[in-house]
Amino acid sequence: MAQGYADLDAPHFHYEMSAVPGLPRRWRGPIPDFDRPFFACLGAAQTFGRFCKRPFPEQCGDLLGVPALNLGHGGIGPGFFLDPAFRRVLERAELVVVQMLSGRSASNSEFLNENGGAFGRRLRDGNEMRFEKFLQEEFDDRPTEELLRIVEETRQRFTVQMKSLVRSIQAPTILLWISEQPPRTEDDISRFWKLMGRFPHLVNRTMVDEIAAEADALVECSSDEHVPQKLWPGTESIDGAVAEEGFLWNRYYPPPQHHDEIAAALAPVCAKLLGRNT
């Protein structure tokens with residue numbers, strides 16, 4: 001999705017899409033010199049910084065005086081980053097920030113997700129679909145106890161993958177929560193969208209605490225201020241932005257002001273683990 005963002009958002013945003021030696025796909029630049037100190041940020045579109053000229057990895061790098069490798073890519077989960085190619089790159093990083101990813105990226109006994117993304121295959125009929133469509137149909141058709149069983153299976157497998165990802169990193173590691181709201185403490189199954197929750201979907205406080213125990217620090221950044229973000233003139237919606245009143249509006253991704261807040265909260269924790277001053 002990263003290159004897709006670049007194509008959709010040009011010429012309003014220039015993401016400096018570049019190849020990273022040893023890694024698949026293209027990533028948001030600037031790419032640091034791997035022969036000099038750098039830190040890495042793994043995550044989804046929130047780390048990538050869609051609709052933001054200076055996302056938090058870049059801002060945090062400026063505050064630390066250490067450049068960031070932005071490994072943010074939309075629509076992926078921890079399974080994607082378990083590819084050994086990422087481990088080889090991250091072995092050279094002084095510190096790694098791991099964004100809490102979406103719980104929709106894991107498999108369960110009814111749905112197979114093989115690539116750690118937003119799409120998978122429903123096992124009973126082999127249909128390919130987004131996880132949201134799968135769970136919506138389960139929500140409509142299943143008794144509550146069966147639905148919650150599927151949700152719990154998905155959460156358990158996701159938690160195992162996130163913990164494996166954090167454990168695989170040799171450098172000091174920070175788990176980063178980015179959302180419009182704090183981690184939930186209980187489920188609301190009155191509506192499908194309430195069960196899914198906002199990004200990172202399906203992830204609750206228990207999961208956050210369990211995964212954070214594998215990291216060196218946890219930073220939580222929750223805010224729904226400055227939403228929606230007014231973008232550029234347009235009369236047709238695009239993936240990720242809604243057309244209203246002659247403009248496109250971002251109602252999903254963190255707006256630039258939220259990136260400023262994330263960088264401000266993250267930099268001191270990074271500095272402490274790196275033994276630096278900000």
Side-chain angles (χ1 to χ4, degrees), residues 1-10 13-52 55-58 60-61 67-107 111-121 128-132 157-158 160-171 173-176 178 199-201 211 215 239-240 253:
M1 285 295 294
Q3 186 61 55
Y5 297 154
D7 295 340
L8 282 171
D9 303 346
F13 292 89
H14 179 51
Y15 299 133
E16 300 183 58
M17 301 302 297
S18 305
V20 174
L23 292 185
R25 309 192 186 189
R26 291 168 65 82
W27 303 88
R28 182 165 187 170
I31 306 300
D33 181 351
F34 290 168
D35 292 327
R36 300 175 66 85
F38 73 95
F39 74 101
C41 296
L42 307 186
Q46 295 76 16
T47 295
F48 175 88
R50 191 174 186 194
F51 303 135
C52 182
F56 74 83
E58 183 178 348
C60 198
L69 173 62
N70 187 332
L71 295 179
H73 202 290
I76 55 177
F80 178 82
F81 288 115
L82 289 170
D83 184 324
F86 290 97
R87 186 177 304 177
R88 290 190 287 270
V89 171
L90 297 178
E91 286 175 350
R92 307 172 71 175
E94 289 200 345
L95 176 133
V96 180
V97 177
V98 180
Q99 180 192 351
M100 180 64 76
L101 298 168
S102 172
R104 68 184 175 187
S105 60
S107 299
F111 186 82
L112 179 62
N113 187 322
E114 296 182 290
N115 62 7
F119 287 83
R121 177 165 52 88
E128 300 284 336
M129 62 184 66
R130 292 183 69 93
F131 179 86
E132 293 95 319
R157 296 193 190 188
F158 171 81
V160 168
Q161 287 186 323
M162 281 294 298
K163 290 169 67 175
S164 296
L165 173 59
V166 175
R167 286 187 192 133
S168 72
I169 298 168
Q170 298 178 2
T173 307
I174 299 172
L175 182 67
L176 175 62
I178 302 174
F199 186 95
H201 316 94
I211 297 163
D239 184 21
Y253 306 100

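For reference, positions follow the sequence shown, starting with 1.
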Looking at every non-hydrogen atom in both residues, tell me the closest pair between F51 and G240 and how far apart they are.
CE1-O, 3.7 Å
Pairing residues for D83 by the side chain to side chain contact (heavy atoms under 4.5 Å, CB included) criterion, not counting sequence neighbours
A85, F86
Salt bridge (charged side-chain N to carboxylate O under 4.0 Å, His left out) against R50, all qualifying residues, sequence neighbours excluded:
D9
To the nearest 0.5 Å, atom CG of L69 lies from atom CG of L23 at 7.5 Å
Residues two or more places apart in sequence or in another chain: which of them pass ring pair (Phe, Tyr, Trp, His ring centres under 6.0 Å) with F48?
Y5, Y15
By side chain to side chain contact (heavy atoms under 4.5 Å, CB included), A19 pairs with (sequence neighbours left out) none
Hey, are the side chains of V97 and T47 touching, using non-hydrogen atoms and a 4.5 Å cut-off?
no
Contacts of R26 that satisfy salt bridge (charged side-chain N to carboxylate O under 4.0 Å, His left out) - sequence neighbours left out
none
Holding to side chain to side chain donor-acceptor pair (under 3.5 Å), I want the full list of residues that pass it with D35, two or more places apart in sequence or in another chain.
R92
In chain order, what residues pass the ring pair (Phe, Tyr, Trp, His ring centres under 6.0 Å) check against F158, with sequence neighbours excluded?
none
Where do L175 and M100 land on the side-chain contact (heavy atoms from CB on, under 4.5 Å) test, with the steps shown first?
CA-CA 7 Å; L175 182 67; M100 180 64 76; 3.8 Å; yes
Would you compute the distance between atom CE of M162 and atom CD1 of I211 and round it to the nearest 0.5 angstrom?
5.0 Å
Minimal heavy-atom distance between M17 and A6, with the atoms involved, is CG-CB, 3.6 Å
Working to the nearest 0.5 Å, report the span between CD1 of I76 and CD of Q99.
9.0 Å
Going by side chain to side chain contact (heavy atoms under 4.5 Å, CB included), name the residues that satisfy it together with S102, two or more places apart in sequence or in a different chain.
R104, F199, H201
Do the side chains of V98 and F81 get nearer than 4.5 Å, heavy atoms only?
no
What are the two closest heavy atoms between E94 and P37, and how far apart are they?
OE2-CB, 3.4 Å
Who pairs with R87 by salt bridge (charged side-chain N to carboxylate O under 4.0 Å, His left out), at least two apart in sequence or on another chain?
none
What's the shortest heavy-atom distance between R157 and S107, and which atoms?
CD-O, 3.2 Å
Just to verify, what does F38 make a ring pair (Phe, Tyr, Trp, His ring centres under 6.0 Å) with, not counting sequence neighbours?
F34
Locate the shortest heavy-atom distance separating P55 from G49; write the atom from each residue and the value.
CB-CA, 3.8 Å
If you take all heavy atoms of P32 and A68, which pair is closest and at what distance?
CD-O, 3.7 Å
Between W27 and N70, is any pair of side-chain heavy atoms under 4.5 Å apart?
no
My understanding is that only residues two or more places apart in sequence, or in another chain, count here; which of them pass salt bridge (charged side-chain N to carboxylate O under 4.0 Å, His left out) with E16?
none
Inter-residue atom distance H14.NE2 - R28.CZ, 0.5 Å rounding:
9.5 Å
Taking C-beta and beyond as the side chain, do F80 and S105 meet within less than 4.5 Å on heavy atoms?
no
Working to the nearest 0.5 Å, report the span between CG of L95 and SG of C60.
8.5 Å
Is a side-chain donor or acceptor of E128 paired with a backbone partner of F119 at a separation under 3.5 angstrom?
no
Using side-chain heavy atoms (C-beta onward) and a distance below 4.5 Å, is L101 in contact with P200?
no
Who pairs with D7 by side chain to side chain contact (heavy atoms under 4.5 Å, CB included), at least two apart in sequence or on another chain?
Q3
